[in-house]
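First comes the structure, then the notes that go with it.
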Amino acid sequence: MSEALTGEDLAPYGWNGHAPEDWAPDLAAIKRAAAEPEILPLLSARWSPRAFADVNLSLDDLAPVFEAARWAPSANNQQPWVFVAASRSEDPEGFERLANCLLPGNRRWAPRAPVLVLAAARMLRPDGKPIGTALYDLGLAVGMMTVQATAEGLWLHQMAGFDAGVATGTLGLPEDVQPVAMIAIGPIGDAAELPEDLRGREISARERQPRDAFVHRGRFGG
């Protein structure tokens, strides 16, 4: 696209509740989780695209997504999650700082998303003792964000492929804040705009290991 879209123009690209079923039914059917037994449609529809639409998405637009994280459960209500976020349209410099934290493989596609986020965790309590559940709590918060975003027709792709040292220095993180993942957020775009070697992964069905591979009855291996 030559110009980014705003407002009502976003709807066909999956924002404001327009799920892929409305405008890319084949893709939605391919990506839908083959869950047995069935799970909530919102959960089965969720997946992690690499192709994002070229739209103007502000952090104010994402307020409900971050509000969902705010209300995530955490041990002793310590809420150790930390997010550094920037919109490509409203804060190009901040967006570039975040994009520069990505490893080369993710830098090929992730900066096309409207918003990039660093997800981090505060690892120490005010008294200096460790928060043993900090990473677990952060995961819960991002899970809540993911569900809220999916409900609004927005999509997240979470990435481990970034340089934590660069993120700490470039983004000014305190010593007790551990960078954990990068997240690209936005409406789904056209897979044809991805590098050729990534297109097939974008339109292929998802796979998961069976439940009995990770649910153990009574003891490990049971």
Side-chain angles (χ1 to χ4, degrees), residues 10-53 62-77 79-81 83 106 109-110 113 115 117 119 121 132-161 180-191 194 198-222:
L10 289 171
Y13 291 91
W15 198 39
N16 291 338
H18 288 252
E21 285 86 348
D22 297 339
W23 52 272
D26 292 340
L27 180 61
I30 290 170
K31 288 297 187 180
R32 187 176 297 113
E36 180 59 42
E38 291 186 2
I39 59 177
L40 292 173
L42 188 65
L43 299 179
S44 62
R46 184 221 64 82
W47 60 285
S48 302
R50 289 179 176 82
F52 288 92
L62 294 182
V65 175
F66 288 112
E67 186 69 8
R70 179 183 174 220
W71 291 100
S74 63
N76 296 316
N77 198 29
Q79 307 169 53
W81 43 80
F83 300 102
N106 287 329
W109 60 268
V115 173
V117 180
T133 59
L135 300 182
Y136 182 88
D137 295 341
L138 172 63
L140 284 169
V142 175
M144 297 272 280
M145 290 172 61
T146 302
V147 173
Q148 181 67 34
T150 305
E152 298 189 15
L154 293 169
W155 302 80
L156 277 65
H157 191 119
Q158 302 168 50
M159 298 163 278
V180 177
M182 294 282 294
I183 308 171
I185 305 179
I188 296 176
D190 187 349
L194 288 171
L198 297 179
R199 294 174 197 166
R201 298 167 68 179
E202 194 76 355
I203 60 175
S204 61
R206 296 185 291 147
E207 298 180 358
R208 290 293 190 274
Q209 62 181 339
R211 283 194 311 279
D212 59 11
F214 58 87
V215 178
H216 304 269
R217 296 177 181 268
R219 58 178 296 173
F220 188 85

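Counting from 1, the numbers follow the sequence of the chain as shown.
- Listed for the K31 side chain is no donor-acceptor partner under 3.5 Å among the backbone atoms of S44.
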Y136/S74 under side chain to side chain contact (heavy atoms under 4.5 Å, CB included): CA gap, chis, key distance, verdict: CA-CA 8 Å; Y136 182 88; S74 63; over 6 Å; no
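- The backbone N or O of Q79 lies less than 3.5 Å from no partner atom in the side chain of D137, so there is not a single donor-acceptor pair.
- Within 6.0 Å of atom CZ in F83, more than 12 heavy atoms from other residues, nucleotides or ligands are found, so the atom counts as buried in its surroundings.
- Looking at heavy atoms from C-beta onward, S204 lies out of side-chain contact with R206 at the 4.5 angstrom threshold.
- Within the model, atoms CG of L156 and OG1 of T146 stand 4.5 Å from one another, a figure rounded to the nearest 0.5 Å.
- Counting non-hydrogen atoms of neighbouring residues, nucleotides and ligands closer than 6.0 angstrom, the CD atom of Q209 exceeds 12 such neighbours.
- Checked by atom type and distance alone, the side chain of R211 pairs as donor or acceptor with a backbone atom of E36 at under 3.5 Å.
- H216 approaches G221 most closely through the heavy-atom pair ND1-N, 3.0 Å.
- In terms of heavy-atom proximity, A121 sits nearest to V180 at N-CG2, 4.3 Å.
- With sequence neighbours excluded, the residues satisfying side chain to side chain contact (heavy atoms under 4.5 Å, CB included) with E202 are W47, P49, R50, A51, A191, L194.
- Looking at V117 and L62, their side chains never come closer than 4.5 Å, going by heavy atoms from C-beta outward.
- One finds the CG atom of L40 at 13.5 Å from the CZ atom of R46 (value rounded to the nearest 0.5 Å).
- You'll find the side chain of L138 stays beyond 4.5 Å of the side chain of P80, heavy atoms only.
- Of the inter-residue distances, the one linking L27 atom CG with I203 atom CD1 reads 8.0 Å to the nearest 0.5 angstrom.
- One finds the CD atom of E38 at 12.5 Å from the CG atom of L43 (value rounded to the nearest 0.5 Å).
- In terms of heavy atoms, Q158 sits closest to I183 at CG-CG1, 4.1 Å.
- Side-chain atoms of F52 and I188, non-hydrogen and from C-beta on, never get closer than 4.5 Å to each other.
- Closest of all the heavy-atom pairs between W81 and R70 is CZ2-O, 3.8 Å.
- Listed for the H157 side chain is no donor-acceptor partner under 3.5 Å among the backbone atoms of A184.
- Not one N or O on the side chain of R32 forms a donor-acceptor pair closer than 3.5 Å with the backbone of A45.
- The side-chain heavy atoms of V147 and M144, taken from C-beta on, include no pair separated by under 4.5 Å.
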